[in-house]
Amino acid sequence: MSNIAEFNAASNADTDREHEIQLGLLRALCKAAGENRDAAAIGEILDRLIAYSEAHFASEELLMRLKSYDDYEDHVEDHAQMMDTLRGIAASHAEGDPSLIAGRATELLGFIGKHIATRDRRFADYVRNGL
Ligand SMILES: [Fe+2]
């Protein structure tokens with residue numbers, strides 16, 4: 001295997017791992033909100049999820065630029081939408097309104113799941129087959 005092929009395979013493995021952590025945090029948020037856990041517990045998961053998502057999206061976007069990826073704009077738009085939703089959930093949480101968190105987090109889980117299965121899958125194929 002060439003060095004580039006090894007780099008590409010390692011990049012995809014890293015991205016898969018990051019998706020599992022991101023989805024795990026989001027599932028934990030859905031569960032905590034669904035069980036009406038206390039505000040501090042929900043806030044902690046939310047903070048970790050936001051920080052992790054920022055870092056994960058930034059690294060994915062850097063790799064897309066490095067690879068001159070052809071679907072960069074639309075892909076980044078999805079990431080921006082997900083961060084807006086997360087920050088909206090955090091704002092509701094900070095205002096002490098927990099009523100909508102579970103529903104919005106579950107909706108976001110669907111959106112991110114679809115994003116990973118479509119846009120991220122396409123990028124992984126592009127990376128695997130590219131230079
Ligand atoms: Fe992505």
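Counting convention: from 1, in listed order, for ligands and their atoms alike. One is the number of the first residue; the rest follow in order along the sequence. Computation of the quantities below employed the complete heavy-atom set of this structure, encompassing side-chain atoms and omitting hydrogens, waters and symmetry-equivalent molecules.
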Q: Taking 4.0 angstrom as the limit, do Glu35 and Lys31 come out as a salt bridge?
A: yes
Q: Spell out, as yes or no, whether a donor-acceptor pair under 3.5 Å connects the side chain of Asn12 to the backbone of Val127.
A: no
Q: Give a yes or no on whether a salt bridge exists between Arg87 and Glu54, defined as a side-chain N under 4.0 angstrom from a carboxylate O.
A: yes
Q: Spell out the protein N/O/S atoms under 2.8 Å from the Fe ion (ligand 1) as residue plus atom name.
A: Glu60 OE1, His75 NE2, His79 NE2, His115 NE2, Asp120 OD1
Q: Can you confirm whether Arg122 is buried at CZ, in the sense that more than 12 heavy atoms of other residues, nucleotides or ligands lie under 6.0 Å from that atom?
A: yes
Q: Quick check: are there more than 12 heavy atoms from other residues, nucleotides or ligands sitting under 6.0 Å from CD of Glu73?
A: no
Q: Have Glu60 and His75 got a donor and an acceptor in their side chains that come within less than 3.5 Å?
A: yes
